Each structure stands twice: as structure tokens, then as C-alpha cells.
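Take a look at the structure below.
Lettering of chains follows the sequences in order, A, B, ..., and the numbering in each one begins at 1. Quantities reported herein were computed from a predicted structural model and do not represent experimental measurements.
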Amino acid sequence: MIRPIAIVWGGVMAAVCTVLFQTSYEVGALRETLARINEDIAREHETIRVLNGDWAFLNQPDRLRELANSYTDLVPLTAAQIVAGVDSLPLRPPPEPLDPLDPPNADGEALPDARPMLLSGTIAAPLPRQKPAKPPRPASPTVAAERAPAPRPVPAAARPASASAPATISVAAPAPAGRTGAELTDAQSAEAELVDLLLSSFRQRQSERSAQP
Amino acid sequence: MMPAITMGPLRAMPRANRTVKITGRTARAIDVSRSRLLVTAVAFGLAFLGVGVRLIDVSLPERIATDNRAAGVSLSDRGVARGSIVDRNGTLLATDLPGALVFADAPLVLDPEETADRLREVLPELDRAALLHRLTSTGRKIVLHRELTPAQHQQILRMGLPGIGFETGPRRHYPQGAVAAHVVGFTGHANEGRSGIEKMFDDTLIQDRATVALSMDIRLQALMRRELLAAMEEFQAIGAAGIILDARTGEILSLVSLPDFSPYDRGNAEPDTRFNRASLGVYEMGSTFKLFTAAMALDSGAAGLGDGYDASKPLRAGGFRISDYHAENRWLTVPEIIKHSSNIGSALMALDVGPERQRDYLRRLGLMDRAPIEVSEVGRPKTPAPWREINTMTISYGHGMAVSPVNLVSAVAALVNGGVLHPPTLLARPAGEPIPGTRVLSERTSDQMRRLMRLVVTDGTGGNADAEGYLVGGKTGTSEKILNGRYSRSARMSSFVAAFPMNDPRYVVFAMLDEPQGNADTFGFATGGWVAAPVIGRVIEQMGPMMGVMPQDPDSPDVHEALDIDRAPTGRSSGGNSFAALAPR
């Protein structure tokens, strides 16, 4: 005669047994995996040791010397060839900060600096000829800033042979003659403006990109 | 009604007033069956309990513990019986790699003739007759070959020869071959270190499977060996030794003894090739000892740099006649004695120092004791007993006392590095730890010695050692070997000990040739200045750029200031005060 409590206990027991056996088999399987992985690791270590031994063997100084003699024209360095130690060489100048809009292109072709540039006297020199009425500009360089978001350099902008080209340059920064301090402030503010522009456009492009699916 | 009566006492009857009392035979029968039931229930209960416990025992992940025990060795060390030995840059010098040996279980070999022939297809180096003899014996495990390559292993395995078995396990490998054989040493078949570092560090290598890092630089080792081999061939020498030592730490960067042996073929190596000339051999070093004589004379105040000695005629003492090889036959100052390597001058200088102080200085310089380097093959210096005046005189120019090249080199390092003796070592000194050292000479004496050693190379007998730009300084040494109890004129040990750059010495370099023969290029000379000095020059020339030593202009004012003998601090040390001041209290 089976009473309900016995049924409950039987059920519990069956469940426990099932779980126990299942766990047991899982552990067994995991243990096998572990052993296999350990075996693999040990074999890898062994391989590494063999390769290290091989590497040391192949890099015997005498062997390298023979190879260098037969395949290269290299000879040991002599004292006369040494001019200065690494310590006495000047440090490389710190790199220019990268422009987010204009990274160096993949072809390795050097792109011009996107920041506003100081126009040298030679570039600015044709100006007086275009406007003979004005007195010749002082020797101090004229400051001009590109306001276009496209970071084209000044030489490119100056290249067009049309008569308006010099005007474009002077429009960008109508420089009063002779006020160096004012010119610098002008250039600085132009630069700040340009950086703002570039950054906002950069952020916009970024947000556009992230908005795309 | 009967069933109700018999069942009555067993079950709780709902109605209490109908209780029935059973007595007599029936009652006894019920008692018996009750106790039987109880016993059976307990027995079954215990059985089920046992089954249950066993069930849990089997099911639980109990084997993890045993697994851990099996994997007592870390995964990276499986198949490794000994740790590796590396040089100061981490280049492997000795390591364990998996390998296989092949053995024969002779009684199981069916056809010895065929087995022998087939084995020789793969291992042609085995002798057929010997192989047949071994295969027909009764041995159960006759090792036929110990170092099978994986390819040979596969080939023999595929042949399926009965009675031929394999044993795989770690095999010791020496990727640098003979280059560092004397230092690294080798192991025996039972995996025990038999010589060199392998023997000295057996425990560390086996128990901890630790990597032992040597002070040696394999590039310098190969360089020194190559130049010594070339010189041995050029001068038909029977042997050679070379050492490069870091003058500031006492670390041995190179230790070469020639002829050497392949660690794979040590069984067949000639005993002479196994002999370590650089550390086990002790030799009368000849004129290089004059450096120590000058140093002790200057340091003790027995002589000043400007003092002179009468070297105009040979010296006679106790039946010996001391004469000069490069005889000047006049009064010589201390720098001239070193420059011309005058035996007479050195002997007179040593007499001024006296036997007692000479012995003390030599002991301080470590020349009276075994060099404390970490191989078992280290020779004990041979010193005279009793130490008479005549011994003092001959020892002053390196005869009558024998030391190992390691002894000599570490003492010379103390002469040039400011006067501190660092015990020589073959192990890389751990970075950041203080370097052990004891002061043996004053700074001032060391400064004077640097100038004297530079003088030997610029103006004296050591010109062939000058590697341009590296400000080499040194001293030649040539001694006659004792053959059949007397000094031989034709059998020499020719050596040179140098340091560079001399204005701030970083390395001491030593080269020695055993019984070199002069040739046309050296005008028949086979002395240290002709045969060993060029080796030094070539070694320094090549190791300079390797070790980052900047060449310097020998004519720059700084160099003249540091190395010219006439700008040296002159005069005497104050009567041995420096030595007394250094003595432990």
C-alpha cells in the first residue's frame, strides 16, 4: 500500500539520483577535456622548448658569421667607422599633432599641414604688383588664414593663375600693415576658429557614422 | 473473526474499548516474528545504506585529488629532468629536449642477422659484428643507441623488429656545441652532472628544474675561441686559453680552453681536450707577474714611479742567474722595468718589498688560493715553501709560483679597476645587488698601474695588442715550461693580459698559447708580445662595438691626462701606510 509521502520521497530520490548522475557524468566529461587540454599545453611547452633549442642552435655565433660571410658583404664594425654613440645624437623633435580630419593617407604621400600658415614674404610678394596704387608692403610677412573647412594648403590656393587669386589671399585676412602684435592675435584667433570648425565637423561626421545601422 | 483478532495487536485499533488480549502460543509466535522482522529490516537498512554511501562515493568528483597528485610537475616541466643553462643574454647553452633511445631485448630477437642489417640501414654508425654479438647475447635491455632523431625513431618503429624497443624521455642537448663545453660541462647517462656547471648545480637543476644563468656572453665566448683557434693554427700551438672578465663585477664573460670537445661526444674525447687550461691548469705566468711586483712596490711605498734600479748586469743569487730577455744593460726606472719587461729590475724591486709583504699582497690579490669560480675544475696555485729570498726574486717575474689563468685575470682586474678585488664568478650577478669586493690596493696605485699597462702597449713589448681607439693596456708574459724537471727553451707558455679602455677599464682580456712556434711573420719569435698580443688586439677590436665601448681618440687631452706616465701622481706612497690602512682592524 503506497501512501502519498512515499511517492514524494520516491520522487525526491529519483530527482536526486538523476541530478547526481548527470553531474557525475558532466564532471567526468570535463575532466577528460581538462586532461586533453593539459596534454595539449604540455605538448605546446615541449614544442616551444624544441623551437628554443633549434633557435639557439641556428643562432650559433660562428654559424651566423659564416652565413654573413657567404651571403652579405658585411664585415665587423671597426672603431674608425664609429662617429658618435646613440647617446650623443640629438633627440627627434616631437611629432606634429595629427589632424583628425586629415590623417596621413595610405599611400604614404605626405599631406600638407592643415593649420593656418604664415605666408612667407616671397609668396606675398606678387601682391604689390597687382595693386600698384598701394605702397609696397613692409618686409614683415603678411598673415593669411584659410577659412574654408577643406584643409587645402595655402600654396594650392595660391596656385590659380587668375587675377583674383591674390585677392583671395588678402580677403582671408585683410592685414593691416606693420602691426605685428595685432597680426599674431589675428592668426591665433583664426587658428582657434579653424580648430573649432574642424572639431565640430569631425564630431558631426562621427555622430553620423554611429547613427548609421 | 479470527483475522481481526490476530491483526488486532499489530495495528492501532480505532476503537479502544474493543482491545483483545492474546496469550499463550499465539503470543510467543507473534514475538518471534516481530524480532525476525526487526533483524531483517536492520540488515536491509544497513545494506541500502552501504549502497547509498558507495553510490555517493562513486558519483562525487572524488578523483580530482588523485589527478592533482599525478600532475605534481607543472605542465611546462613535463618531460624535463633538468633545468636549462643559459648565458647572460638568455641564449640556451644546455636544455632538455624529448628524445628516444633504442634497446634490444636479446632473447626476443628472432633473427639477429636480419635485425642487425635493418638497424644499420637507419644507424649506419653501428658496427655490424659488435651489433650481432650483442643481439645474440642474453641481455634483456641492451642499449644500442642513445640519441635517436625523431626520424630515425619513426623509421625503426615502422620496421616492426621483434625484440627492439624504445625508451622516450628527456635528453640533454647543448645547442652551442663545443663552444662553451668546458664551462657548461656535461651529464652522464643517469642524468647526473659530470663536469662544469652541470656538476656544480646538479641539485638546483634537477630538484627545482631551475634555469641557471651564467655570466658568460656566448658571442664573446665564440669570438675568443675563434681567434684562439686561428692563433693556435698559425703558431702550431698545442693548446690555448682565453678569458674575458668584467673588471667592475668579476663576472667571467668568456672562458675558453683549447683544444675542446663536443659535449655529445665526451665519451670519445681525448683527456687533453677535457682538461680546462683556463681554470684547472696552473702555470708559471712569466712577466705578467711583474705587474703585481710593481703594484706592491708602489702601494707599499717600497718604490716610487721615479725610482731606478740597476739592471746593467745579470743578477746572481743563490746559484741562480737572473738576466733580461730584452736586455737594456743600464739603470731602469720603474716604468722602464715594466716597459722593457726587465727581470733584473723586477727582482730588485721585489727585494725592496720583501718576502713577507710580497706574500701578503699575493694572498690579498687571491693568487695563493683556488679561484672561487663555480666549476669543480679549478686548480690550486703552487707556491714555494719555504718562501726564501730567491723565491721572492723569481716570483717577481712570474717563475717559481704557478697560478691558474682565472687567478691571474681577476687579480689584474683589481690592479686596474681602482684597487678592488671582486671574486671571479661564472654566474650572472643579479641586477641591483651589491657586488662583493675587497680593497687590495689604493686608488692611487691603481691609477699608476693603468698608466704603466698603457705604456707597455704604446711604447713597450705589447704594441701588437693595440686595438685602435680602445686604449688597450696590458703586459706580455712568456715562461718556459718545465719538461723533465728543467726549464725548456723551446716549450713556452706565451700570454698577454690586457684591459681596456685603460682610462676607465671595463674588461680584462687574457690570451695564452701553449708551446707556440714562431714563424716568418713573427721573425721566429714565439713570445707573448708576438703570438698572444695580436689575439688580444683582434678580440678587443671586435668586442668593443659589441659591448658598446665607445672608441676614443688616443691623442685627446683627456686621455693623455689619464694615461700618460709622466702625468702620474709621482713619489712614494707614504711608507706602506696605504697597506696598513687597508688591513682589517
- Task: Could you go through the side chain to side chain contact (heavy atoms under 4.5 Å, CB included) check for A:R49 and B:L97 one step at a time?
- Result: CA-CA 7 Å; A:R49 276 208 315 280; B:L97 298 181; 4.1 Å; yes
By a 4.5 Å heavy-atom criterion (distance strictly below it), what part of [X] contacts chain B: side chain, backbone, both, or neither?
X	value
A:Q60	both
A:I41	side chain
A:Q81	neither
A:R63	neither

Are more than 12 heavy atoms, taken from residues, nucleotides or ligands other than [X], located less than 6.0 Å from that residue's [atom1] atom?
X	atom1	value
B:Q152	CD	yes
B:Y264	OH	yes
B:F48	CZ	no
B:M546	CE	yes

- Item | Distance in Å, A:L77 CG paired with B:E541 CD, rounded so as to fall on 0.5 Å steps |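 The CG atom of A:L77 sits 10.5 Å away from the CD atom of B:E541.
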- To the nearest 0.5 Å, what is the distance between CG (A:N59) and CD (B:Q176)?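 These two atoms lie 8.5 Å from each other.
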- Part of B:V549 lying under 4.5 Å from any heavy atom of chain A: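 Contact with chain A is absent: no heavy atom of B:V549 under 4.5 Å.
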- Task: Select one option (side chain, backbone, both, neither) describing which atoms of B:Y470 are under 4.5 Å from chain A's heavy atoms.
- Result: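 Contact with chain A: side chain only.
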- Taking every non-hydrogen atom, the tightest pair across B:P175 and A:G53: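 Answer, listing the atom of B:P175 first, then A:G53: CB-O, 3.9 Å.
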- Query: Is the closest side-chain heavy-atom distance between B:I218 and A:P61 below 4.5 Å?
  - Reply: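 Yes, close enough: below the 4.5 Å cut-off.
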- Message: Contact between A:N52 and B:T95 at the side-chain level, heavy atoms closer than 4.5 Å - yes or no?
- Response: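 When only atoms from C-beta onward are counted, B:T95 and A:N52 do not touch, as no gap falls below 4.5 Å.
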- Greatest number of heavy atom pairs closer than 4.5 Å to chain B - which of A:A42, A:P76, A:C17, A:A80: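 If we count pairs closer than 4.5 Å to chain B, A:A42 comes out on top.
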- Considering only heavy atoms and a distance below 4.5 Å, find which of B:R225, B:M550, B:R226, B:Q221 pairs most often with chain A.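 If we count pairs closer than 4.5 Å to chain A, B:R226 comes out on top.
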